[in-house]
Amino acid sequence: MKLLSRYNYKTVKGEKLGILTGILYLAPAKLSGYETCPMRSIGCTNACLNTAGMGIFSNVQQARIAKTKMFFEDREKFLSLLKKDITALIRKAKKEDFLPAVRLNGTSDIEWTRFKLMEEFPDVQFYDYTKILKHLTKDIPNYHITFSKNEMNDDDCKKALDLGYNVAVVFNTKKGEEFPKEWNGYPVYDGDLSDVRFYDPDNHVIGLRAKGEAKKDKSGFVINI
C-alpha cells in the first residue's frame, strides 16, 4: 500500500517552486472509528477537504480509512511503509533536482514529532497545520508547522501569533479577489499561491479561500469580510 500522495492542485504549484511534495491523507475525525483530529470543531469538521479532489471517490475514502486503521492497529507496518515512501520521494526529488517535502497531516492532526521521522530524514522538509497549541515547535530545523483557526480557538490563535507562529484563517474571499491586508492586527499572506507553508513570511495570518463545503459555513469557521 502506498501512503503518500503527490498529486493535487497545490502540490503542482509547489513543483513550480522546485518542491516535490508527498502528502499523507488519513480519514479525518472518527470516520475510521479512530479519532485523528482531537481538537476539531463542528465548523472545521463540516468544511473538511477530505471529500475535495480525488476524495469524492469511494475507493479513495476506503483507502484513507484502511491507512488510518493500519496506523492505529499495526503501527510498525505503517511506519515501515511510510519510511519506504519517504525514501522513494527523496530518490525521485534528487533525480529531478527538487527539494523533497512531506506533509503528514493532510486530513488529520496527529503529533508526528513523537515518531522522530524528521530526525531520521534530515534532508526532507516536513510541514503541517495543527489546531493543537502544544504541537507547535521551532525546535526541529526541518519541520514547519502552521496553527489553524476554527470558530472556537480565537484565544489559541492569538497565543500562536504572539509566539511568532503563522495562523491559517479561512476567509470568504472569492477566487481572483484579494484578501484583506490584515486580520486582528497581523498582515495577511495569500496561502492559496501554493501549499509550501515553509516559504511563508513569518508571523503572518495565512489566508485561505473557502472551498467545497466551507462555502456553506454558518458556524463562524469561515471569516466573512
Side-chain angles (χ1 to χ4, degrees), residues 5 8-10 23-58 60-69 71-72 103-112 127-136 145-163 165-175 177 179-180 182-186 188-192 195 197 200 204-225:
S5 172
N8 70 49
Y9 77 100
K10 276 198 172 183
I23 301 181
L24 175 63
Y25 291 106
L26 297 180
K30 291 191 76 172
L31 290 180
S32 66
Y34 295 98
E35 181 62 73
T36 60
C37 308
M39 293 297 287
R40 63 189 170 94
S41 63
I42 292 174
C44 70
T45 301
N46 291 337
C48 183
L49 292 175
N50 178 50
T51 56
M54 298 296 289
I56 63 171
F57 298 109
S58 61
V60 173
Q61 291 297 317
Q62 291 166 8
R64 292 178 183 179
I65 289 171
K67 291 176 188 179
T68 308
K69 287 184 174 180
F71 173 77
F72 284 99
R103 178 179 163 194
L104 294 169
N105 281 320
T107 40
S108 58
D109 197 351
I110 291 167
E111 189 179 12
W112 289 102
Y127 69 105
D128 272 322
Y129 296 86
T130 187
K131 290 182 175 68
I132 303 173
L133 202 60
K134 69 177 183 178
H135 287 186
L136 295 175
I145 190 159
T146 300
F147 197 70
S148 186
K149 184 189 180 308
N150 62 29
E151 74 275 18
M152 298 172 56
N153 66 356
D154 284 356
D155 288 345
D156 284 350
C157 288
K158 185 178 185 306
K159 289 177 184 177
L161 286 164
D162 287 347
L163 289 169
Y165 291 93
N166 290 344
V167 172
V169 177
V170 181
F171 293 92
N172 68 338
T173 304
K174 293 182 174 58
K175 186 177 180 180
E177 294 181 352
F179 288 103
E182 64 174 42
W183 181 78
N184 282 5
Y186 286 87
V188 177
Y189 178 77
D190 188 344
D192 281 339
D195 195 50
R197 294 280 72 85
D200 293 341
H204 275 60
V205 167
I206 307 304
L208 301 172
R209 292 172 178 83
K211 302 171 186 69
E213 293 299 314
K215 293 180 179 179
K216 307 173 187 176
D217 178 71
K218 302 295 183 184
S219 71
F221 172 72
V222 176
I223 300 298
N224 294 313
I225 56 170

Which heavy atom of [X] sits nearest to which heavy atom of [Y], and what is that distance?
| X | Y | result |
| --- | --- | --- |
| Pro38 | Ile132 | CG-CD1, 3.6 Å |
| Ala27 | Thr36 | O-OG1, 2.9 Å |
| Ala168 | Tyr129 | CB-CE2, 3.7 Å |
| Val170 | Arg209 | CG1-C, 4.1 Å |

> Going by atom types only, do Asp195 and Tyr127 share a side-chain donor-acceptor pair under 3.5 Å?
Replying inline: yes
> Are side-chain N/O atoms of Trp112 and Asn105 paired as donor and acceptor at under 3.5 Å?
Replying inline: yes
Close side-chain approach of [X] and [Y], heavy atoms under 4.5 Å:
| X | Y | answer |
| --- | --- | --- |
| Leu104 | Asp128 | yes |
| Thr173 | Pro180 | yes |
| Val205 | Tyr189 | no |
| Leu26 | Ile110 | yes |

Contacts of type side chain to side chain donor-acceptor pair (under 3.5 Å), residue [X], not counting sequence neighbours:
| X | answer |
| --- | --- |
| Lys67 | none |
| Tyr34 | Glu73 |
| Lys159 | none |
| Asn46 | none |

Rounded distance (nearest 0.5 Å) linking atom [atom1] of [X] with atom [atom2] of [Y]:
| X | Y | atom1 | atom2 | result |
| --- | --- | --- | --- | --- |
| Lys149 | Asn184 | NZ | CG | 8.5 Å |
| Tyr25 | Gln61 | OH | CD | 12.0 Å |
| Ser41 | Glu151 | OG | CD | 3.0 Å |
| Cys37 | Lys131 | SG | NZ | 7.5 Å |
| Asp109 | Cys44 | CG | SG | 9.0 Å |
| Asn172 | Phe179 | CG | CZ | 10.0 Å |

>> Using a 6.0 Å cut-off, check whether atom CD1 of Ile225 has over 12 heavy atoms from anything other than its own residue.
In response: yes
Mind checking what makes side-chain contact (heavy atoms from CB on, under 4.5 Å) contact with [X], not counting sequence neighbours?
| X | result |
| --- | --- |
| Glu111 | Thr113, Arg114, His135 |
| Leu136 | Thr130, Leu133, Ile145, Phe147, Ala160, Tyr165 |
| Asp162 | Lys158, Tyr186 |
| Asp217 | Ser219, Phe221, Val222 |

> For Asp200, which residues count as a salt bridge (charged side-chain N to carboxylate O under 4.0 Å, His left out) partner, sequence neighbours excluded?
Replying inline: Arg197
> Can you list the residues that meet the salt bridge (charged side-chain N to carboxylate O under 4.0 Å, His left out) rule with Lys215, with sequence neighbours excluded?
Replying inline: none
> Do side-chain atoms of Asp156 reach the backbone of Asn153 as a donor and acceptor pair under 3.5 angstrom?
Replying inline: no
> Is there a donor-acceptor pair under 3.5 Å between the side chain of Thr146 and the backbone N or O of Val167?
Replying inline: no
> Do Glu177 and Lys174 pass the salt bridge (charged side-chain N to carboxylate O under 4.0 Å, His left out) test, and can you show the C-alpha distance, the side-chain angles, and the key distance before you say yes or no?
Replying inline: CA-CA 5 Å; Glu177 294 181 352; Lys174 293 182 174 58; 5.3 Å; no
>> For Asp192, is there an ion pair with Lys211 - N to carboxylate O distance below 4.0 angstrom?
In response: yes
>> Test: salt bridge (charged side-chain N to carboxylate O under 4.0 Å, His left out). Region: residues 26-44. Which pairs qualify, not counting sequence neighbours?
In response: Glu35-Arg40
